[in-house]
K.L.:
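Attaching a single structure in structure tokens format; questions to follow.
Start at 1 with the first residue, then count along the sequence.
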Amino acid sequence: RIYDAVRQKQQHRRDKAEHEHPPVIRFCIRFFHSTLYGASHFKKLWYTESNPSIPQTGGQVKMKTYPFNALFSRMKYITRWSLMRSTRAESLSEHTADTAMLAHTLCLIGKSCTGTGAALRPEVVATAALYHDAPEILTGDMPTPVKYKNDALRTAYKAVEHESARVMASLQPAELQAETQAWLTGSVLNDAERKILKAADRLSAIIKCIEEDRMGNREFEMALRAQEAKVEAIDLPEVAYFRKEFMPAYYLTLDEHTKS
């Protein structure tokens with residue numbers, strides 16, 4: 001009975017959005033809702049008879065437990081580069097940690113080396129990097145050739161990502177939801193910091209391609225060239241400095257690192 005009421009409210013919300021989004025976006029959001037809210041374990045976690053209000057209406061959800069952190073820990077099960085044959089699989093957790101470290105380094109370079117980081121907050125950017133791909137916990141890692149194939153798919157995926165961030169934030173006590181959603185969506189960052197985080201994301205990708213290429217994996221040859229072109233196109237002094245002073249070390253072996 002409670003769940004039926006919840007489904008009716010969800011359907012009302014989707015119907016209301018019929019004239020607000022293009023068909024491809026409506027399809028993606030409907031698919032996302034049916035996948036997430038149709039799962040029996042989420043039904044048990046999310047709704048109780050004493051308080052059946054739902055996140056979509058702005059109401060507070062009374063849960064037996066708050067599964068946000070438990071879900072967050074599942075990033076280690078999500079594999080990136082899923083269409084590629086890798087010599088070693090890379091998890092979303094690894095990519096997230098690498099991106100956070102790279103973002104922090106770029107901020108420090110901007111503040112202390114290039115003198116261009118007055119607007120950068122290293123700790124804030126590094127924390128935002130830890131959250132930047134968290135919506136993929138619910139959506140999975142969409143392969144880049146699919147995600148960016150055309151404007152319609154790009155827009156649709158952005159809408160699904162935003163919905164995933166909102167849903168994830170709702171899996172916490174009400175007092176934490178607004179701030180968590182700000183981290184999940186990156187709205188805590190200013191424009192300069194967003195560019196740094198995006199650059200760190202790109203650097204993490206090219207580093208993975210370098211590792212695969214050095215292992216003789218020709219599967220990543222074109223990906224490496226594509227990522228190199230994207231990184232070269234980034235017009236940031238911090239990135240130029242990193243490429244010159246830090247990037248060559250990724251081509252060295254452990255012995256070469258330690259002996260030098």
Side-chain angles (χ1 to χ4, degrees), residues 68-69 72-73 75-76 78 80-81 90-137 141 144 147-148 154 158 161-162 164-165 168-169 172 176-212 223-224 226-252 254 257-258 260:
F68 176 82
N69 286 80
F72 210 94
S73 71
M75 283 199 292
K76 57 181 171 287
I78 298 174
R80 284 169 51 82
W81 307 92
E90 179 187 55
S91 73
L92 187 59
S93 287
E94 291 177 88
H95 167 68
T96 297
D98 288 344
T99 302
M101 184 175 180
L102 289 165
H104 192 262
T105 299
L106 291 176
C107 288
L108 295 181
I109 290 172
K111 296 186 79 67
S112 302
C113 299
T114 62
T116 54
L120 302 177
R121 298 166 294 173
E123 293 79 9
V124 173
V125 179
T127 304
L130 293 174
Y131 286 85
H132 84 284
D133 272 345
E136 292 183 9
I137 295 168
D141 179 46
T144 297
K147 188 189 304 185
Y148 299 114
R154 185 184 297 109
K158 286 294 182 184
E161 268 191 328
H162 188 272
S164 176
M168 285 199 65
Q172 293 201 102
L176 304 180
Q177 291 179 16
E179 184 172 359
T180 298
Q181 187 162 352
W183 288 111
L184 289 167
T185 59
S187 62
V188 296
L189 303 176
N190 58 44
D191 289 342
E193 291 169 339
R194 281 191 200 91
K195 291 178 181 178
I196 288 291
L197 178 51
K198 184 65 176 177
D201 195 31
R202 293 285 190 204
L203 288 172
S204 174
I206 195 174
I207 289 167
K208 169 62 176 175
C209 291
I210 290 171
E211 291 174 352
E212 291 290 334
L224 176 57
Q227 292 299 330
E228 285 175 339
K230 290 177 180 178
V231 170
E232 287 174 5
I234 299 174
D235 186 21
L236 291 175
E238 298 87 351
V239 175
Y241 187 97
F242 186 92
R243 289 177 58 205
K244 180 181 178 181
E245 304 294 341
F246 290 76
M247 190 66 77
Y250 287 94
Y251 291 89
L252 302 179
L254 176 62
H257 282 305
T258 54
S260 63

K.L.:
Of all heavy-atom pairs between Glu161 and Pro135, which one has the smallest distance, and what is that distance?
P.N.:
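Between these two residues, the closest heavy atoms are O-CB, 3.8 Å.
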K.L.:
Give a yes or no on this: more than 12 heavy atoms of other residues, nucleotides or ligands lie within 6.0 Å of atom CD of Glu179.
P.N.:
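12 or below, so no.
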K.L.:
Mind checking whether Arg80 and Asp133 have side chains closer than 4.5 Å, heavy atoms only?
P.N.:
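In short, these two side chains touch, coming nearer than 4.5 Å.
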K.L.:
Calculate, to the nearest 0.5 Å, the distance between atoms NE2 and CD belonging to His95 and Glu90 respectively.
P.N.:
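His95 atom NE2 to Glu90 atom CD measures 7.0 Å (nearest 0.5 Å).
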K.L.:
Just to verify, which of Leu197, Asp201, Leu203, Ile196 counts as forming a side-chain contact (heavy atoms from CB on, under 4.5 Å) with Leu102?
P.N.:
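It is Leu203, the one option of Leu197, Asp201, Leu203, Ile196 that forms the side-chain contact (heavy atoms from CB on, under 4.5 Å) with Leu102.
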K.L.:
Taking everything shown except Lys111 itself, do over 12 heavy atoms lie less than 6.0 Å from its NZ?
P.N.:
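Yes.
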K.L.:
Can you find a pair of side-chain heavy atoms, one from Lys208 and one from Glu211, that are under 4.5 Å apart?
P.N.:
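Result yes, sub-4.5 Å side-chain heavy-atom pair found.
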K.L.:
Ignoring hydrogens, what is the shortest heavy-atom contact between Ala126 and Ala100? Give both atom names and the distance.
P.N.:
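For Ala126 and Ala100, the tightest heavy-atom pair comes out as O-CB, 3.6 Å.
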K.L.:
Do side-chain atoms of Ser204 reach the backbone of Ala200 as a donor and acceptor pair under 3.5 angstrom?
P.N.:
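No.
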K.L.:
Can you name the nearest heavy-atom pair linking Ile206 to Met247, along with the distance?
P.N.:
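Closest approach of Ile206 to Met247, heavy atoms only: CG2-CE, 3.9 Å.
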K.L.:
Using 30° and 60° as the class boundaries, would you call the ring planes of Phe242 and Tyr250 parallel, tilted or perpendicular?
P.N.:
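Answer is tilted, since the angle falls between 30° and 60°.
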K.L.:
Once rounded to the nearest 0.5 Å, what's the spacing between atom SG of Cys107 and atom CD of Glu238?
P.N.:
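Separation between the atoms: 8.0 Å.
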K.L.:
Do Glu245 and Ile109 touch side chain to side chain, with heavy atoms closer than 4.5 Å?
P.N.:
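Sidechains of Ile109 and Glu245: no contact.
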K.L.:
Roughly how far apart are Asn190 CG and Leu120 CG, rounded to 0.5 Å?
P.N.:
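If we round to the nearest 0.5 Å, Asn190:CG and Leu120:CG are 7.0 Å apart.
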K.L.:
Can you tell me how far the CD1 atom of Ile207 sits from the CZ atom of Phe246, to the nearest 0.5 Å?
P.N.:
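Rounded to the nearest 0.5 Å, the CD1-CZ separation comes out at 11.0 Å.
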K.L.:
Which heavy atom of Phe68 sits nearest a heavy atom of Met168, and at what distance?
P.N.:
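That closest heavy-atom pairing would be CD1-O, 3.2 Å.
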K.L.:
With rounding to the nearest 0.5 angstrom, report the OG to CD1 distance, Ser73 to Ile137.
P.N.:
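Between Ser73 OG and Ile137 CD1, I get 8.0 Å after rounding to 0.5 Å.
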K.L.:
Please report the interatomic distance CG(Asp235) to NZ(Lys195), rounded to the nearest 0.5 Å.
P.N.:
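It is 8.5 Å, given to the nearest 0.5 Å.
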K.L.:
Could you tell me whether a side-chain N or O of His132 sits under 3.5 Å from a main-chain N or O of Ala129, the two making a donor and an acceptor?
P.N.:
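Yes; at least one donor-acceptor contact below 3.5 Å.
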K.L.:
Looking at every non-hydrogen atom in both residues, tell me the closest pair between Lys230 and Arg202 and how far apart they are.
P.N.:
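Looking at all heavy atoms of both residues, the shortest contact is CD-NH1, 3.3 Å.
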K.L.:
I need the minimum non-hydrogen distance between Thr114 and Pro237, along with the two atoms involved.
P.N.:
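Smallest interatomic distance, heavy atoms only, reads CG2-O, 3.9 Å.
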